[in-house]
2 protein chains.
Amino acid sequence: MPEKRQKRYEETRDQLLEVAWAEFAANGFAQTSTENVVREAGVTRGALYYHFKDKTDMFRAVVDLAHIRILSRIEDASASAPSITEGLRRGCLAFLDACSSPDIRQIALIDGPSVLGWAEWREIDTKHGFGALRDGLTEAKRQKALRADADPMALAYLLSGAMNEAALALSDPELSKTRRSNLRRSMEAALLSMLAAFET
Amino acid sequence: MPEKRQKRYEETRDQLLEVAWAEFAANGFAQTSTENVVREAGVTRGALYYHFKDKTDMFRAVVDLAHIRILSRIEDASASAPSITEGLRRGCLAFLDACSSPDIRQIALIDGPSVLGWAEWREIDTKHGFGALRDGLTEAKRQKALRADADPMALAYLLSGAMNEAALALSDPELSKTRRSNLRRSMEAALLSMLAAFET
DNA sequence: TATAAAACATACAGCGTGTATGAAAATGGA
DNA sequence: TCCATTTTCATACACGCTGTATGTTTTATA
């Protein structure tokens, strides 16, 4: 893999992804025109369709990036946890925090399932945040830190869905600052209660 | 309000909504062309844009219809419950069942938030299923059947999100029959455990 | 240095949405 | 009953956007 070519290739691809991220986040997938993206990226349509199969394929790369960034936040928060259950708690709170970003909210939570379809969206999430949650719950059960009748996979779906909706509600732009912080407090408390309900 | 006119008006509108429901459910909002809808409905573009402001407005009516049908199932199930908490349990299970329909899954859960925006989608849901859940939780707290520190609004968001994701996972077409029924059992058990965690 | 491949630019075809305008049917009043 | 008006829908068209086909330039290779 040659030197100059790889550099140029990655530069334009990264530039496209950066602009696409901003456009998809600000206007949503449907309202984003590829012409705007290539213009702001300083290239043309040709470059876009050389790097990506189509508009959806470019969006897929942006969604993947969003989930990577979410997982990074989760791992940072839960890495130094003294126990598996404490790691789960810290990871969940970090997830809520990460999804407070309007960008991630729009890209990963709102448009992702609709544009890519639920199955593929879930598949991407399974490679990152959802997978970490599922693995954490499985490990907790192996350590007898979870109730014996708890199914880690079912729990992962329920908790993931609960946290996604909580993040959407918390990052609602129409929410006032004080209501947001109040809601966040009660959301976090209720979420931790849910987790505790399945611990031994 | 004249006789023949109202009848004709409602007939073509209902016909459009029926066809639109089927198309949106089968192919999703983006892949549905209004030309297909009007052709299968036996009318032309003119009729569509007379009854609805645009394609999104027609989808809005379909989403509203979906939520109405969901709420109907919930009310049927929880009406004769002997207690408020039992009503909540039956209502939640009925919601899961109602959203097993591929149509409602695609329309209300996947495309709804993306096409209408989260705020408007949530507003519609608040008029129906989500509102019923919130009111039920509020009433349960008033009856001291919920823990004093439980915030009904926060709980409604978390439980609603959990159930939506559970319904999406359970109605995944790629799922085998046995895995689906196994997953449903553990999902329902976990969901009831979540509810029980907040009861007194 | 010549040739091939990669990376991107340009031009164009086609589809789908929304709008503007026209036609038919139904109502209400004289 | 007949005419005027409104409702309800049909027709025609303009515009934007996506994807593809082809051309051009730069880089690697022999």
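Here is the naming used below: chain letters follow the sequence lines, and residue numbers restart at 1 for every chain.
The shortest non-hydrogen separation linking A/His51 to A/Leu16 is CD2-CD1, 4.4 Å.
Salt-bridge formation is detected for the pair A/Arg89/A/Glu199: a Lys NZ or Arg NE/NH1/NH2 atom is positioned less than 4.0 Å from an Asp or Glu carboxylate oxygen.
The distance from atom CZ of A/Arg13 to atom P of C/dA6 is 17 Å, rounded to the nearest whole Å. For A/Tyr9 and D/dT26, the OH to C1' distance is 17 Å, given to the nearest whole Å. The distance from atom CZ of A/Phe52 to atom C1' of C/dC8 is 14 Å, rounded to the nearest whole Å. Atom CZ in B/Arg8 sits roughly 10 Å away from atom C1' in D/dA10 (whole-Å rounding). One can place CG of A/Asn36 at 14 Å from C1' of D/dT18, the figure rounded to the nearest angstrom. Computed from coordinates, the A/Gln6 CD to D/dT26 C1' distance equals 17 Å when rounded to whole Å. Rounded to an integer number of Å, the gap from A/Glu10 CD to C/dC8 P is 11 Å. Here D/dA28 presents its P atom at 12 Å from NZ of A/Lys7, a figure rounded to the nearest Å.
Dashed line: the shortest gap from a side-chain N or O of B/His51 to OP1 or OP2 of D/dT8 is not under 4.0 Å. The shortest distance between the side-chain N/O atoms of A/Thr12 and the OP1/OP2 oxygens of C/dC8 is below 4.0 Å. Between B/Arg5 and the phosphate of C/dA25, there is no side-chain N or O to OP1/OP2 separation shorter than 4.0 Å. Within the 4.0 Å cut-off from OP1 or OP2 of C/dA7, at least one side-chain nitrogen or oxygen of A/Tyr50 is found.
At most 12 heavy atoms of other shown residues, nucleotides or ligands fall within 6.0 angstrom of atom CZ in B/Arg179. When the shell of 6.0 Å around CD of B/Glu174 is examined, it contains 12 or fewer heavy atoms from other residues, nucleotides or ligands.
A donor-acceptor pair under 3.5 Å is absent between the side-chain atoms of B/Ser101 and the main chain of B/Ala98, judged by distance alone.
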Sugar-phosphate atoms are those with a prime plus P, OP1 and OP2; base atoms are the rest. Using that split, label each nucleotide of nucleotides 9-19 of chain C B, S or - for protein heavy atoms under 4.0 Å, 5' to 3'.
BBB-----BBB
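No option in A/Val63, A/Val37, A/Ile104 other than A/Ile104 meets the side-chain contact (heavy atoms from CB on, under 4.5 Å) test with A/Trp21.
Because its NZ or CZ atom is both nearer than 6.0 Å to the ring centre of A/Phe130 and within 45° of the ring axis, A/Arg122 counts as a cation-pi partner of that residue.
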